[in-house]
> 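My questions all concern the structure below.
Every heavy atom of this structure was used, including side-chain atoms; hydrogens, water molecules and symmetry mates were not. The structure presented is a predicted model; accordingly, all values stated were derived computationally and were not measured.
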Amino acid sequence: MDIGSIIITLLILLFSVVIHELSHGVVADRLGDHTARLAGRLTLNPIPHLDLFGSILLPLFLFMVNSPIIFGAAKPVPVNFFNLRNPKKDMALVSLAGPGANFFLAMALAIPIRFGLIEKTAAGYDILLQAVILNIVLGVFNLLHIPPLDGSKVFASFFSDEMMYRILAWERFGFILIILFLYLGLINLVLLPAVIALSRLFLGFSVI
C-alpha cells in the first residue's frame, strides 16, 4: 500500500472513530451524564478525540504487519455511569451507541455501491468501499467482550452489580488484552467471519 493510500485510510479511520466516540457522548448526555459535554468532547473536531496509540500507532502497526484488517480507536469519551438515570441499562445503551454509529455509517456509505449508483472506475469508489469496510471493522471490533471495549460493558450489564464491577475492573489491563488478542491471531478467528458476513449484507459482496 502506497503512502497516499495509507493517508486516506488514516483519515477515514479518524473520521469514523470520532463519530464513534461522539455517539457515546451524545447518548450519555441524553441519558443524564453530561461529563463529555463538560469536557468539550461533544464535537466533530478531531483534535480532542485523538489518541496517540489508538488513532495513530495501532493502525500503523497493523499496516506494517500486513494485517488483513485495519482498525484503530480515539480517546474514550469520559462517561460517569453513576450519573445515568438507570446506570446498568444505560451503560449498555451508551456502549452500543459507538458501534451502532459505525454500522449506520457503513450501511449509508454502502448504498451507492450496493445499488450500482457509482461505477467501479469512478474516482471515489475505492474510498467509499474502504470507508464501508473500516466502519464494519470498527463496529465488530468494539463489540468484542474484551475490556475496555464496548462489548465488555454490554456483557457486564447482564450480571449482578458485584460481577459487573469485577468484569469492568479488567479495563486497567485493556492495552495488554488487546495486544494479546492481536498476537494470538484471533483476528482471523473472530473478526474476519463477522466482517465478511456484514460486508456481504451491506455491499452484496465480500472484499476480504
> If hydrophobic clusters are built by linking Ile, Leu, Val, Met, Phe, Trp and Tyr wherever their side-chain heavy atoms come under 4.5 Å apart, do Val27 and Leu149 end up in the same one?
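Result: no, two separate clusters.
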
> At their closest point, which heavy atom of Gly139 faces which heavy atom of Pro99, and how far apart are they?
O-CB, 3.7 Å

> For residues 163-175, run the donor-acceptor check on the side chains, cut-off 3.5 Å, and write out each pair with its distance to 0.1 Å, sequence neighbours left out.
unit_1: Arg166; atom_1: NH2; unit_2: Glu162; atom_2: OE2; d: 3.0
unit_1: Glu171; atom_1: OE2; unit_2: Lys153; atom_2: NZ; d: 3.1
unit_1: Arg172; atom_1: NH1; unit_2: Ala169; atom_2: O; d: 2.9

> Anything under 3.5 Å between a donor and an acceptor, one on a side chain of residues 57-65, the other on a protein residue two or more places apart or in another chain? List them.
none

> Side-chain heavy atoms under 4.5 angstrom apart, residues restricted to Ile, Leu, Val, Met, Phe, Trp, Tyr: same cluster for Leu129 and Ile136?
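As far as the 4.5 Å side-chain criterion goes, Ile136 and Leu129 are connected within one cluster.
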
> Going by side-chain hydrogen bond (donor to acceptor under 3.5 Å, both in side chains), name the residues that satisfy it together with His34, two or more places apart in sequence or in a different chain.
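Applying side-chain hydrogen bond (donor to acceptor under 3.5 Å, both in side chains) to His34 gives Asp29.
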
> Among residues at least two apart in sequence or on other chains, which ones pass side-chain hydrogen bond (donor to acceptor under 3.5 Å, both in side chains) with Glu119?
none

> Could you check Val190 against Val140 for side chain to side chain contact (heavy atoms under 4.5 Å, CB included), going step by step and ending with a plain yes or no?
CA-CA 9 Å; Val190 180; Val140 172; over 6 Å; no

> Restricting to pairs with a member in residues 74-84, which pass side chain to side chain donor-acceptor pair (under 3.5 Å), not counting sequence neighbours?
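Output for this query lists Asp33-Asn83.
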
> Kindly give the heavy-atom pair with the smallest separation between Leu84 and Asp90, and that separation in Å.
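Looks like CD1-CB, 3.7 Å.
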
> If you count every heavy atom of other residues, nucleotides or ligands that lies below 6.0 Å from Tyr125 atom OH, does the total exceed 12?
yes

> For a quick test of reading the model, state the closest non-hydrogen atom pair linking Phe103 to Phe202 and the distance between them.
O-CE1, 4.2 Å

> Between Leu11 and Ile8, is there a side-chain heavy-atom distance shorter than 4.5 Å?
no

> Tell me the closest heavy-atom pair linking Asp51 and Ala74, and the distance in Å.
CB-C, 3.9 Å

> Tell me whether Leu42 shares a hydrophobic cluster with Phe81, the cluster being built from Ile, Leu, Val, Met, Phe, Trp, Tyr side chains joined at under 4.5 Å.
no

> Between His49 and Thr43 (side chain of the first, backbone of the second, donor and acceptor by atom type, cut-off under 3.5 Å), is there such a pair?
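Pair found, side chain donor or acceptor close to backbone of Thr43.
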
> Could you name each residue pair satisfying side chain to side chain donor-acceptor pair (under 3.5 Å) that touches residues 101-117, not counting sequence neighbours?
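Every side chain to side chain donor-acceptor pair (under 3.5 Å) pair that includes a residue of residues 101-117, provided the two are not neighbours, is His20-Asn102, Asn102-Asn135.
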
> Count the heavy atoms of every other residue, nucleotide or ligand shown that sit under 6.0 Å from CZ of Phe82, and state whether that count exceeds 12.
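No - once you tally the heavy atoms of other residues, nucleotides and ligands closer than 6.0 Å, there are 12 at most.
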
> Which pair of heavy atoms, one from Ile133 and one from Leu203, lies closest together, and at what distance?
CD1-CD1, 4.0 Å

